[in-house]
There are 2 protein chains.
Amino acid sequence: MGTTDPASPTGDGRSALDAVLDEVLAARRAERTVMSTSADRAARVVREQVVEGHLRSGTRLPEERLAGALGVSRNTLREALSQLVAERILVREPNRGVVVATPAVVDVEDVYRVRRLVEPAALARGTGHTPERIAAVAAAVTEGREAGERGDWDGVASANQHFHRAVVSLAGSPRLDAQMDLLLAEMRLFFHQMGAPERFHRPYLEENAAIAGLLTSGDRQGAADRLDAYLAAAEGQLVAAFRDRD
Amino acid sequence: MGTTDPASPTGDGRSALDAVLDEVLAARRAERTVMSTSADRAARVVREQVVEGHLRSGTRLPEERLAGALGVSRNTLREALSQLVAERILVREPNRGVVVATPAVVDVEDVYRVRRLVEPAALARGTGHTPERIAAVAAAVTEGREAGERGDWDGVASANQHFHRAVVSLAGSPRLDAQMDLLLAEMRLFFHQMGAPERFHRPYLEENAAIAGLLTSGDRQGAADRLDAYLAAAEGQLVAAFRDRD
DNA sequence: ACACTAAGGATTGTTGAACAATTCTTCAAT
DNA sequence: ATTGAAGAATTGTTCAACAATCCTTAGTGT
């Protein structure tokens with residue numbers, strides 16, 4: 001392709017140097033996008049505290065104190081909180097502030113409505129199933145098995161989330177992945193509200209393994225059907241646990 | 001049943017009156033939630049201007065002037081803009097502000113990736129298919145037919161969106177509906193970037209009718225398959241139109 | 001004519017303080 | 001034990017400021 005001449009002074013108007021400089025600039029911008037804005041960082045911290053269970057459902061988040069703790073102005077914090085409200089992790093009560101969401105049975109049902117529609121479909125449709133993505137599903141299975149063997153139940157729960165995340169990622173859609181992340185964050189809220197996560201995730205280790213096996217063997221529809229049944233059972237358990245806690 | 005005694009003074013601690021008053025309070029709060037915050041209103045106005053095509057792709061949105069025009073402070077506007085960035089309607093360029101998103105081919109492909117996964121699945125799975133929701137699908141078809149008969153192509157486009165929205169709503173999931181609204185807003189951005197919406201929507205009137213027919217006749221899988229083909233064709237057209245514009 | 005540089009102006013990211021409106025608390029009076 | 005009213009605290013929102021960054025432009029040298 002000809003003009004790989006470094007620093008060609010004239011001609012196309014844009015020298016090869018210009019192209020390189022553009023690239024450098026774009027890289028710097030992308031880099032800065034990672035550290036992102038102050039509000040995004042604040043949102044990330046609060047979200048982490050909520051999904052980790054350190055901020056329990058129903059706790060009120062006073063803006064002044066929280067802003068102080070995060071080392072950020074009240075205005076900036078407000079932007080962060082709005083973001084988390086949009087993610088359904090927090091709930092805004094007009095003139096009363098923001099509280100950590102307390103999911104109800106309808107929320108569990110709706111999250112599973114979406115998951116049961118999306119996850120089996122991602123398995124059944126072959127589109128996007130690259131070897132790497134299929135390998136990611138298998139990797140989540142072994143991650144869960146290893147965590148189970150050393151009795152690390154938090155690890156099992158985490159691996160389980162990775163499994164379902166990997167299933168959705170089979171489709172290869174950034175938008176779908178982002179949506180799934182929100183749903184999984186909500187799931188963690190559910191778990192914190194009932195407690196006893198170990199019992200809950202234990203039996204699904206083998207389920208995940210079976211589904212991954214069907215997937216790698218090429219039986220996509222079988223994998224999808226099995227996942228649907230899996231999700232139905234899990235939803236039933238969760239809803240039952242929620243109803244007990246009323 | 002039983003204690004429908006009005007104003008029972010003691011006993012359960014909470015009288016029936018208390019319950020009513022709680023309801024009134026909740027209603028007032030819900031009411032106020034509708035008018036919502038100042039930032040939400042600003043976001044709605046800007047979003048409307050973008051999806052209606054009055055603010056074209058790539059136009060920069062200076063905060064000071066825009067805030068002035070909307071009668072809102074720069075801080076509040078900022079919150080609104082962040083929301084729209086999260087919806088992918090706007091794009092934030094660090095230290096350079098916010099511009100109306102200019103979708104690329106990858107965006108079209110990804111939106112259709114999600115739609116082709118979700119919409120056929122919503123049809124094929126019977127769950128949630130109440131008579132009212134099925135009627136809503138049929139209503140969107142007649143809305144489109146009538147708009148076509150009087151040559152109202154904007155109306156056809158709008159009805160087409162209502163059709164797909166109704167298809168997803170068959171599942172009866174608020175979360176899925178919200179997600180679909182975002183995708184449809186992105187779709188409108190796509191259309192504005194290519195132009196000529198009449199040619200695009202015209203042939204799909206009959207498709208919609210056929211799909212609705214299959215649905216009402218109980219052939220859910222047939223409806224799903226046909227919708228999948230429909231979406232594949234539409235995506236192909238859109239992508240082709242996008243590639244021309246490069 | 002052309003590329004390079006420096007200065008100046010404009011815009012963004014973020015903060016701090018303010019203030020009306022609303023909600024929560026306290027506490028006395030019935 | 002309820003009610004009511006005063007007072008404190010919090011939210012929703014605005015305004016003004018400032019450093020950091022970007023954009024423009026005019027000038028400089030070649």
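In what follows, chains carry the letters A, B, and so on, assigned in the order in which the sequence lines appear, proteins first and then strands, with residues in each chain numbered from 1.
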Could you tell me the separation between the [atom1] atom of [X] and the [atom2] atom of [N], rounded to a whole number of Å?
X: B/Glu79; N: D/dG12; atom1: CD; atom2: P; answer: 9 Å
X: B/Asp40; N: D/dT11; atom1: CG; atom2: P; answer: 17 Å
X: B/Leu70; N: D/dT13; atom1: CG; atom2: C1'; answer: 15 Å
X: A/Arg60; N: D/dT10; atom1: CZ; atom2: C1'; answer: 10 Å
X: A/Glu64; N: D/dT11; atom1: CD; atom2: P; answer: 8 Å
X: A/Leu81; N: D/dT10; atom1: CG; atom2: C1'; answer: 13 Å
X: A/Arg92; N: C/dT23; atom1: CZ; atom2: C1'; answer: 15 Å
X: A/Leu77; N: C/dG16; atom1: CG; atom2: P; answer: 13 Å

Whether [X] contacts [N] is assessed here as follows: a side-chain N or O lying under 4.0 Å from the phosphate OP1 or OP2. Is that the case?
X: A/Arg78; N: D/dG12; answer: yes
X: B/Thr76; N: D/dG12; answer: no
X: B/Arg74; N: D/dA17; answer: no

Contacts of B/Asn75 and B/Glu63 projected onto DNA chain C by closest heavy atom; the upstream (5') one is B/Glu63
Atom of A/Leu77, atom of A/Glu63 and distance for their closest heavy-atom approach:
CD2-O, 3.3 Å
Salt bridge B/Asp107-B/Arg88, side-chain N to carboxylate O under 4.0 Å:
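Between B/Arg88 and B/Asp107 there is no salt bridge, as every charged N stays at least 4.0 Å from the carboxylate O atoms.
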Hey, does A/Asp177 have a side-chain heavy atom less than 4.5 Å from the side chain of A/Val168?
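In contact.
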Examine the side chains of A/Arg115 and A/His164 and answer whether a donor and an acceptor come within less than 3.5 Å of each other.
yes
Among the nucleotides C/dT23, C/dG16, C/dG13, which one has an atom lying closest to any side-chain atom of B/Asn95?
C/dG13
